[in-house]
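Data first, discussion second: the structure below is written as structure tokens.
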Amino acid sequence: MPMRVTDSIQEKLTAAFAPAVLVVQDESANHAGHAGATREDGSQGETHFSVRIVAESFAGLSRVERQRRVYAVLAEEMAGKIHALSLTALSPSEL
């Protein structure tokens, strides 16, 4: 059985950033019927995600640089499985 996209996101971000907080939410159901809601194989779900990540490695980085780093880690998923990603990336001092 293939790994769920949610699990892949969690595993990759945990390995790359050792976050203090990581919340990955599949928001695909909110987008049913919209562009990108159906995957290429015709299946539904696991296309739209919200990620909140808090990691020390984001300290001193701009919002754009934080996003670049997260997108680089999730490059494989962003190239096909993920249609949309809402991202909040913070350092612990910003909580």
Side-chain angles (χ1 to χ4, degrees):
M1 180 176 198
M3 178 182 282
R4 291 179 40 226
V5 178
T6 303
D7 296 335
S8 178
I9 293 170
Q10 289 175 332
E11 284 185 16
K12 287 184 176 186
L13 294 179
T14 298
F17 300 108
V21 176
L22 177 59
V23 179
V24 179
Q25 294 181 304
D26 181 355
E27 297 182 338
S28 302
N30 299 341
H31 302 276
H34 298 156
T38 303
R39 298 204 316 230
E40 289 180 9
D41 66 3
S43 64
Q44 297 286 317
E46 293 208 303
T47 57
H48 293 68
F49 292 90
S50 172
V51 172
R52 178 177 171 84
I53 182 170
V54 179
E56 188 61 45
S57 60
F58 294 140
L61 299 179
S62 70
R63 179 182 59 84
V64 171
E65 182 57 29
R66 293 171 188 190
Q67 290 178 346
R68 283 185 185 136
R69 291 183 185 198
V70 169
Y71 290 143
V73 169
L74 299 178
E76 179 183 348
E77 288 78 7
M78 295 299 296
K81 297 175 185 173
I82 297 175
H83 176 74
L85 177 65
S86 170
L87 176 61
T88 302
L90 304 169
S91 70
S93 66
E94 295 173 300
L95 289 179

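Bear in mind that the values here come from a model prediction, so they are computed numbers and not experimental data.
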Out of curiosity, Ile9 CD1 to Leu85 CG, how far, rounded to the nearest 0.5 Å?
-> 6.5 Å
Which value, rounded to the nearest 0.5 Å, describes the distance between Arg69 atom CZ and Leu74 atom CG?
-> 14.5 Å
With sequence neighbours excluded, give me every salt bridge (Lys or Arg N to Asp or Glu O under 4.0 Å) pair touching residues 16-25.
-> none
Under the side chain to side chain donor-acceptor pair (under 3.5 Å) test, residues paired with Asp7 that sit two or more places apart | none
Please collect all side chain to side chain donor-acceptor pair (under 3.5 Å) contacts where either partner lies in [range], sequence neighbours excluded, each pair once.
range          : value
residues 13-26 : Asp26-Ser28
residues 49-58 : none
residues 86-95 : Arg66-Glu94, Ser91-Ser93, Ser91-Glu94

Between Glu46 and Lys81, is the closest basic N to carboxylate O distance under 4.0 Å?
->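 So Lys81 does not pair with Glu46 through a salt bridge.
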Can you get from Leu90 to Val23 by hopping between Ile, Leu, Val, Met, Phe, Trp and Tyr side chains that sit under 4.5 Å apart?
->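 Per the 4.5 Å side-chain linkage, Leu90 and Val23 are co-clustered.
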Is it the case that one hydrophobic cluster holds both Val70 and Val54, taking links as side-chain heavy atoms less than 4.5 Å apart, direct or via other members?
-> no
Heavy atoms of Pro19 and Ala55 approach each other most closely as CA-CB, 4.1 Å
Over all heavy atoms of both residues, which pair between Ile53 and Phe58 is shortest? Give the atoms and the distance, please.
->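 So the two residues come closest at CG2-CE1, 3.7 Å.
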Under 4.5 Å between any side-chain heavy atoms of Val51 and Leu22, yes or no?
->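 Yes, side chains in contact.
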Residues that, via side-chain heavy atoms closer than 4.5 angstrom, fall in one hydrophobic cluster with Val64 | none
Looking at residues at least two apart in the chain, or sitting in another chain, which of them share a side-chain contact (heavy atoms from CB on, under 4.5 Å) with Val73?
-> Lys12, Leu13, Ala16, Phe17
Can you list the residues that meet the side-chain contact (heavy atoms from CB on, under 4.5 Å) rule with Gln67, with sequence neighbours excluded?
->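 side-chain contact (heavy atoms from CB on, under 4.5 Å) list for Gln67, sorted by chain: Arg63, Tyr71, Leu87.
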